[in-house]
Amino acid sequence: MDAFEVNRARAKLALFVADVFASVPRKDQRAKGDCYLRGLMLDGRRKSIQAMAERLPDGNEQNLQQFVNQSTWDPMLVRRRIAERMVPQIGPDAWAVDDVSFPKDGKMSVAVAPQYCGALGKQANCQVAVSVHAVSDTASCPLQWRLFVPEEWAHDAGRRKKAGIPQEVGHREKWRLALDTFDELAGWGLVPPVVVADAGYGQNADFRAGLSERGIGYAVAVRSDMTVHPHDARPTAPAWSGNGRKPQPRYRHKPSPVSALAMSHGRPAFREVTWRQGSRGPMRSHFLAVRVRPAGVRARRLAQAAATAEHGHWDGVLPEVTLLAEWPEDAQQPTDYWLTSLPAGTPLPELVRLTKIRWRIEHDYRELKHGLGLDHFEGRSWAGWHHHVTLVTAAHAFLTEQRLAPKADTADSPSTRPSTPSKTC
């Protein structure tokens with residue numbers, strides 16, 4: 001946004017700030033929040049505090065530094081209000097789990113370490129955060145963030161103290177951080193319609209089991225080497241001789257990689273599906289949905305533990321889900337795969353639309369990073385990082401609201417819908 005557009009939106013922004021920053025106790029702190037959001041939205045290559053303060057007529061670098069890096073306002077309360085405000089407006093079809101990386105120099109920025117950096121596509125020195133987004137075909141909004149703390153930070157008391165990492169925060173796998181986030185959002189009264197995620201999460205049997213335990217449906221990507229049994233496969237046990245322990249029921253045939261199972265159905269079994277309009281026309285490809293039972297040692301142990309806890313025994317039957325495979329017209333074989341726990345009768349076009357809906361957050365990440373400076377923060381502290389990503393989330397939420405707001409009196413505009421007669425006392 002240029003300076004004219006930012007100034008034109010100041011009245012609306014003031015109302016937005018008053019609502020989402022209502023938990024911030026001091027009026028001067030809320031004013032700094034308003035100033036910081038304008039700095040993030042204002043055109044400019046860098047969104048560091050110094051650069052924003054120089055562009056803003058009321059910008060004060062020292063005040064903004066203190067507000068972000070030293071102030072004690074609680075970013076979680078602000079994120080909660082943003083989530084409560086945005087979920088009804090977006091009307092999400094799914095919640096998307098993702099992780100985002102922030103390349104860094106040196107080793108003192110909070111939770112920085114050599115690890116896979118998605119922004120660079122290789123191992124590099126960076127921070128990584130797990131995020132959960134409410135997403136529809138038209139909009140998305142981050143609902144919550146978790147900064148991933150690498151193992152090397154877990155017991156490094158010196159670095160932890162300098163970065164201000166809370167004592168109770170330690171190393172926790174990314175899939176666990178995602179499940180923790182769902183639990184926290186549930187405590188806010190927010191529950192996902194379905195969860196979508198890439199193979200970094202979908203391949204993990206513990207993550208899928210954690211969603212199922214919480215009663216959350218999923219549609220997650222998996223790798224081509226993921227192994228499954230056909231849905232009609234049944235475990236059997238050899239006859240017991242009467243000596244020793246009774247043999248346990250097992251699947252007696254080796255599971256197949258999803259790539260081999262999908263290929264065995266042949267190209268004619270794949271149906272053409274169009275899932276949305278792209279910038280160059282309809283997005284379409286060919287898909288197959290078949291019922292399967294995910295295999296593997298971990299999947300088997302989780303299924304056994306769940307069945308034993310519920311029924312006191314396990315009959316050896318693995319849970320059944322749907323495998324979705326994509327075979328593009330110009331490909332020699334299927335290229336992409338997903339597992340979904342949605343009901344067996346879910347229409348194929350709906351499965352495809354949900355598995356493909358993650359495109360929306362990739363689209364919005366460009367705005368979060370390049371437009372709003374998500375990865376431009378130059379501070380090193382735990383509090384500063386969380387304050388900054390919360391403020392970026394607030395700026396993105398405000399802009400999303402403006403895009404979703406009706407601009408004309410149409411039949412679908414809230415301003416022209418028949419009003420409900422008010423009740424009189």
Side-chain angles (χ1 to χ4, degrees), residues 36 46-50 61-62 64-80 97-132 142-185 187 197-198 200-201 203-204 206-207 210 298 365 368-369 373-393:
Y36 199 93
R46 285 294 297 173
K47 299 299 173 73
S48 63
I49 292 176
Q50 179 183 1
E61 182 181 354
Q62 183 176 352
L64 293 180
Q65 289 281 9
Q66 191 278 334
F67 174 67
V68 174
N69 292 310
Q70 285 84 43
S71 183
T72 58
W73 59 275
D74 189 344
M76 293 299 174
L77 295 178
V78 176
R79 289 186 214 166
R80 175 171 182 169
V97 179
D98 202 12
D99 46 65
V100 59
S101 55
F102 307 87
K104 291 286 182 179
D105 295 322
K107 64 176 187 176
M108 297 310 294
S109 293
V110 61
V112 71
Q115 54 194 317
Y116 180 76
C117 179
L120 302 177
K122 61 180 182 179
Q123 290 285 122
N125 203 52
C126 66
Q127 298 164 318
V128 175
V130 175
S131 57
V132 172
L143 301 179
Q144 189 55 292
W145 301 86
R146 285 285 189 279
L147 183 59
F148 172 70
V149 178
E151 287 190 76
E152 68 179 67
W153 279 79
H155 306 292
D156 191 332
R159 282 205 293 176
R160 289 175 63 90
K161 183 177 180 179
K162 287 183 179 179
I165 298 178
Q167 187 175 356
E168 67 274 12
V169 175
H171 171 70
R172 199 157 171 78
E173 298 94 330
K174 294 170 192 173
W175 66 268
R176 292 188 192 274
L177 293 177
L179 294 178
D180 292 344
T181 300
F182 293 132
D183 292 339
E184 182 173 37
L185 290 166
D198 64 19
Y201 294 90
Q203 193 79 8
N204 190 303
D206 287 278
F207 178 68
R298 189 60 185 160
Y365 255 129
L368 285 163
K369 281 193 166 188
L374 178 65
D375 55 354
H376 293 184
F377 180 61
E378 296 177 349
R380 294 179 173 179
S381 71
W382 175 271
W385 186 90
H386 282 84
H387 284 154
H388 175 72
V389 298
T390 301
L391 290 158
V392 172
T393 300

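FYI, the numbering just counts along the sequence from 1. What you see below is based on every heavy atom in this structure, not just the backbone, and it leaves out hydrogens, waters and symmetry mates.
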Novice: Under a 3.5 Å distance rule, please check whether R160 uses its side chain to pair with a backbone N or O of V110 as donor and acceptor.
Specialist: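 No, R160 side chain to V110 backbone: no donor-acceptor pair under 3.5 Å.
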Novice: Can you tell me how far the CD atom of Q127 sits from the CG atom of D375, to the nearest 0.5 Å?
Specialist: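 Here the interatomic distance stands at 10.0 Å.
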Novice: To the closest 0.5 Å, what do you measure between OG (S109) and NZ (K162)?
Specialist: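 It is 12.5 Å, given to the nearest 0.5 Å.
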Novice: Which heavy atom of T181 sits nearest to which heavy atom of R146, and what is that distance?
Specialist: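 Distance-wise, the nearest heavy atoms are OG1-CG, 3.4 Å.
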Novice: Please step through side chain to side chain contact (heavy atoms under 4.5 Å, CB included) for the pair V392 and W145, ending with a clear verdict.
Specialist: CA-CA 12 Å; V392 172; W145 301 86; over 6 Å; no
Novice: Before giving the answer on side chain to side chain contact (heavy atoms under 4.5 Å, CB included), spell out for D99 and F148 the whole-Å C-alpha distance, their side-chain angles and the decisive distance to 0.1 Å.
Specialist: CA-CA 9 Å; D99 46 65; F148 172 70; over 6 Å; no
Novice: Measure across W73 and F67 and return the closest heavy-atom pair with its distance rounded to 0.1 Å.
Specialist: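 Looking at all heavy atoms of both residues, the closest pair is NE1-O, 3.0 Å.
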Novice: Write out all pairs satisfying salt bridge (charged side-chain N to carboxylate O under 4.0 Å, His left out) with one or both partners inside residues 168-179, taking only residues at least two apart or from two chains.
Specialist: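 Sorted pair list: R172-D180, E173-R176.
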Novice: When you look at CZ of R380, are more than 12 heavy atoms from neighbouring residues, nucleotides or ligands closer to it than 6.0 Å?
Specialist: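 Counting neighbours around CZ of R380, 12 or fewer heavy atoms of other residues, nucleotides or ligands fall under 6.0 Å, so no.
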Novice: Got a sec, which residues hit side-chain contact (heavy atoms from CB on, under 4.5 Å) with N69, two or more places apart in sequence or on another chain?
Specialist: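 side-chain contact (heavy atoms from CB on, under 4.5 Å) list for N69, sorted by chain: I49, Q65, F377, S381.
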Novice: Who passes side-chain contact (heavy atoms from CB on, under 4.5 Å) against E378, sequence neighbours left out?
Specialist: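 Result, side-chain contact (heavy atoms from CB on, under 4.5 Å) vs E378: R46, S48.
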Novice: Can you tell if the side chain of L368 reaches within under 4.5 Å of the side chain of P142, non-hydrogen atoms only?
Specialist: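 Side-chain contact under 4.5 Å: yes.
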Novice: The criterion is salt bridge (Lys or Arg N to Asp or Glu O under 4.0 Å); which residues satisfy it with D183, sequence neighbours excluded?
Specialist: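 Here the qualifying residues are R214.
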Novice: Looking at every non-hydrogen atom in both residues, tell me the closest pair between V149 and G170 and how far apart they are.
Specialist: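 Minimum heavy-atom contact is CB-O, 3.7 Å.
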Novice: State, with a plain yes or no, whether a side-chain heavy atom of P114 is found less than 4.5 Å away from one of E152.
Specialist: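 Yes; the side chains approach each other to less than 4.5 Å.
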Novice: What's the shortest heavy-atom distance between Y365 and S131, and which atoms?
Specialist: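 Where Y365 meets S131 most closely, the heavy atoms are OH-OG, 2.9 Å.
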Novice: Between atom CD of Q70 and atom NE2 of H387, what is the distance when rounded to the nearest 0.5 Å?
Specialist: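 Rounded to the nearest 0.5 Å, the CD-NE2 separation comes out at 10.0 Å.
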Novice: Could you measure the distance from the CG atom of D156 to the NZ atom of K107? Nearest 0.5 Å is fine.
Specialist: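 It comes to 7.5 Å.
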Novice: Could you tell me the separation between the CG atom of L147 and the CD1 atom of I165, rounded to the nearest 0.5 Å?
Specialist: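 Separation between the atoms: 7.5 Å.
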Novice: Walk me through it: do V112 and W153 pass the test side chain to side chain contact (heavy atoms under 4.5 Å, CB included)?
Specialist: CA-CA 9 Å; V112 71; W153 279 79; 4.2 Å; yes
Novice: Can you give each donor-acceptor pair under 3.5 Å made by side-chain atoms of residues 119-126, sequence neighbours left out, with the distance rounded to 0.1 Å?
Specialist:
residue	atom	partner	partner atom	Å
Q123	OE1	Y116	N	3.0
N125	ND2	K104	O	3.1
N125	ND2	G106	O	2.5

Novice: Measure across V130 and Y201 and return the closest heavy-atom pair with its distance rounded to 0.1 Å.
Specialist: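 That would be CG2-OH, 3.5 Å.
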Novice: Go through it in stages, so that I can follow the logic: the residues are E184 and R79, the test is salt bridge (charged side-chain N to carboxylate O under 4.0 Å, His left out), and I'd like the CA-CA distance, side-chain angles, deciding distance and then a yes or no.
Specialist: CA-CA 12 Å; E184 182 173 37; R79 289 186 214 166; over 6 Å; no
Novice: Can you name the closest pair of heavy atoms from R298 and D206 and give their distance?
Specialist: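 Scanning both residues, the minimum pair turns out to be NH2-OD1, 2.8 Å.
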Novice: Got a second to check how far T393's OG1 is from H386's NE2, nearest 0.5 Å?
Specialist: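 Here the rounded value is 11.0 Å.
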Novice: Suppose we screen for side-chain hydrogen bond (donor to acceptor under 3.5 Å, both in side chains). Which residues come up paired with H388, at least two apart in sequence or across chains?
Specialist: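 side-chain hydrogen bond (donor to acceptor under 3.5 Å, both in side chains) list for H388, sorted by chain: Y36.
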Novice: Could you go step by step and tell me if Q144 and M76 meet the side chain to side chain contact (heavy atoms under 4.5 Å, CB included) rule?
Specialist: CA-CA 8 Å; Q144 189 55 292; M76 293 299 174; 3.4 Å; yes
